[in-house]
Amino acid sequence: MRVATWNVNSVRARSARIVDWLVREDVDVLGMQEIKCKPEQFPREVFEEAGYELEIHGLNQWNGVAFASRLPMSEVTVGFDEMPGFGKELEDATLPLEARALGITVEDIRLWSLYVPNGRELTHPHYTYKLAWLERLRAATAAWRASNPGAPLALMGDFNIAPRDIDVWDMAVFDGATHVSAPERAAFQAFLDDGLVDITRDRGIEGYTYWDYQQLRFPKNEGMRIDFILGTPEFDELVVDASIHRDERKGEAPSDHVPVMVELDVATSLDDDVPMIF
DNA sequence: ATGCCAAATGTAATTTGA
């Protein structure tokens, strides 16, 4: 069973390219971020014709998360407990909730597609929002694990944090910038301290997952590693392979992010090598 | 080798991204 995450930076702008990759790589479940559309605007047909069902959470042209899956999805959850909002205060004195978190269960594995707030600048309210959002996500995940002991879970997505200096091409460029600040890194580390495993890094897989469109960042390999799959030990035990699909940054109309994929040792109804019993 | 900013909105310029 193959599971992946990809910040697609508009699903409408590159639906064919996304589905081509899904088919070519034999992916069963894809968590997408930055779909940048509402459900009624989502290019459903190209996914459905390739055999994928969809769960979509999009409120406007910003953010938006979704799942495409060849396997049945259940327990679909929009957002998490006490997820902070952002923007102009509503009539009930709360802040609008953004489309940044979607949870599903596939083959008894809990999966989240997450688009962590950018933060913008260290002094910006969006930065405070980012840190609060991450802490609430951590707490909600810990609570879920406490009530579902032994259940495999993975948090997948664009964390908008480069956890280590090697996760950006030049730390000097990020002096005073978001994504590398100590509070952001502490917020990321808190998930690991809770026992989650950075699935790709733990297997020695290095490399960036994002390159800015500007200034020849990709040809010069000036990128950032900000997309992750963080799994519980029970999820980690299922992983037989993991990869960062750098080639998806090449060619015609790429996203500025590339997919991160894991292969799990989980037999599904789609496998054609299911042992026959006589 | 990769390739010199892109997408949505809306139809010009702004917001967002990181």
Side-chain angles (χ1 to χ4, degrees), chain A residues 5-18 21 32-43 56-66 85-88 95-96 98-100 113-131 133-134 157-185 187-188 206-228 243-260:
Chain A
T5 180
W6 194 356
N7 179 324
V8 297
N9 186 14
S10 172
V11 70
R12 287 180 286 176
R14 51 188 62 84
S15 59
R17 182 166 182 155
I18 296 164
W21 180 78
M32 286 172 270
Q33 301 87 41
E34 279 210 89
I35 62 169
K36 291 187 170 179
C37 69
K38 301 173 188 178
E40 60 267 32
Q41 298 171 306
F42 196 101
I56 302 162
H57 175 41
L59 299 171
N60 50 45
Q61 72 270 43
W62 306 121
N63 317 308
V65 282
F86 185 78
K88 194 176 166 188
L95 299 178
E98 299 185 305
R100 296 181 176 276
S113 177
L114 302 166
Y115 180 42
V116 176
N118 172 296
R120 299 185 188 170
E121 296 167 18
L122 298 182
T123 56
H124 198 285
H126 210 259
Y127 180 76
T128 317
Y129 169 49
K130 179 180 194 174
L131 295 177
W133 199 94
L134 284 161
D158 178 358
F159 282 75
N160 269 320
I161 297 170
R164 304 181 190 186
D165 288 358
I166 59 168
D167 296 326
V168 298
W169 78 93
D170 182 0
M171 275 299 290
V173 174
F174 290 86
D175 187 30
T178 60
H179 294 64
V180 299
S181 73
E184 288 166 288
R185 287 179 169 180
F188 186 90
E206 290 300 335
Y208 304 133
T209 63
Y210 162 89
W211 298 259
D212 198 299
Y213 288 121
Q214 303 181 60
Q215 298 179 262
L216 287 168
R217 291 299 186 209
F218 183 59
K220 292 193 279 192
N221 197 28
E222 295 178 343
M224 306 171 73
R225 181 179 180 129
I226 54 179
D227 301 271
F228 298 94
S243 47
I244 296 172
H245 289 242
R246 189 180 186 280
D247 284 355
E248 286 310 303
R249 185 61 180 80
K250 300 178 182 177
E252 194 79 13
S255 170
D256 41 6
H257 295 251
V258 295
V260 178

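Quick note on labels: first sequence line is chain A, next is B, and so on, each numbered from 1.
- Taking atom C1' on both nucleotides, B/dT16 is separated from B/dT2 by 26 Å, rounded to a whole Å.
- The P atoms of B/dT14 and B/dG3 are separated by 31 Å, rounded to the nearest whole Å.
- Panel note: side chain A/R12, backbone A/C37; no donor-acceptor pair is recorded below 3.5 Å.
- For A/D212 and B/dC5, the CG to P distance is 9 Å, given to the nearest whole Å.
- Between A/S10 and B/dA8 there is a side-chain polar atom (N or O) within less than 4.0 angstrom of OP1 or OP2.
- Within the 4.0 angstrom heavy-atom criterion, base atoms lie near A/Q214.
- Straight-line distance between the C1' atoms of B/dA7 and B/dT11: roughly 15 Å, to the nearest whole Å.
- Closest approach to the A/R14 side chain among B/dA6, B/dA18, B/dG17 is made by B/dA6 (side chain taken as heavy atoms from C-beta onward).
- Across B/dT15 and B/dG10, the matching P atoms stand 14 Å from one another, rounded to whole Å.
- As rounded to whole Å, 18 Å separates atom P of B/dA18 from atom CD of A/E222.
- Distances from the side chain of A/P219 to the nucleotides B/dA18, B/dG17, B/dG3 place B/dG3 closest.
- Between B/dA13 and B/dA1, the two P atoms lie 41 Å apart (nearest whole Å).
- Checking each of A/F174, A/Y208, A/W211 against A/W169 for a ring-ring contact (aromatic ring centres under 6.0 Å, His included) leaves exactly one that passes, namely A/F174.
- Checking the phosphate oxygens (OP1, OP2) of B/dA18, a side-chain nitrogen or oxygen of A/H257 falls inside 4.0 Å.
- Side-chain atoms of A/R12 lie closest to B/dT9 of the nucleotides B/dT9, B/dA18, B/dA7.
- Following rounding to the nearest Å, A/I35 (CD1) and B/dG17 (P) show an atom-to-atom distance of 15 Å.
- Take the nearest nucleotide of DNA chain B for A/V11 and for A/N63: the residue whose nucleotide is more 5' is A/V11.
- For the pair A/Q41 and A/N7, both in contact range of DNA chain B, the more 5′-proximal nearest nucleotide belongs to A/Q41.
- A/F174 comes within 4.0 angstrom of nothing in the nucleic acid, heavy atoms only.
- Remark: P of B/dT15 and CG of A/L59 are 21 Å apart, rounded to the nearest angstrom.
- Ring geometry, A/F86 versus A/Y129: the interplanar angle falls under 30°, so the pair is classed parallel (tilted spans 30 to 60°).
- Interatomic distance, CZ of A/R164 versus CZ of A/F188, reported as 8.5 Å (0.5 Å rounding).
- Counting to the nearest Å, the C1' atom of B/dA6 and the CD atom of A/E252 are 13 Å from each other.
- Distance NZ (A/K38) to P (B/dA8): 14 Å, rounded to an integer number of Å.
- The existence of a salt bridge linking A/R185 and A/D165 is confirmed by a sub-4.0 Å separation between a basic side-chain nitrogen and an acidic carboxylate oxygen.
- The listed nucleotides are B/dT2, B/dA18, B/dA7; the one nearest the side chain of A/N9 is B/dA7.
- Within the 4.0 angstrom heavy-atom criterion, no nucleotide atom of any strand lies near A/G119.
- A/S10 places no side-chain N or O within 3.5 Å of a backbone atom of A/K36 that could act as its donor or acceptor partner.
- At a threshold of 4.0 angstrom between heavy atoms, the contacts of A/N60 with the nucleic acid are absent.
- The pair A/E252-A/R14 does not count as a salt bridge, with every side-chain nitrogen at least 4.0 angstrom from each carboxylate oxygen.
- Listed nucleotides: B/dA18, B/dA7, B/dA6. Nearest to the side chain of A/D158: B/dA18.
- If you take NZ of A/K220 and C1' of B/dC5, they are 14 Å apart, rounded to a whole angstrom.
- Checking B/dA8, B/dT2, B/dA18 against every side-chain atom of A/K250, the shortest atom distance belongs to B/dT2.
- Rounding to whole angstrom units, OH of residue A/Y210 and P of B/dG17 are separated by 11 Å.
- Put simply, the side chain of A/R120 and the base of B/dT16 share no donor and acceptor less than 3.5 Å apart.
- With B/dA1, B/dA18, B/dA6 as the candidates, the nucleotide lying closest to the side chain of A/E34 is B/dA18.
- Distances shown here put a side-chain N or O of A/Y115 below 4.0 Å from the OP1 or OP2 atom of B/dA18.
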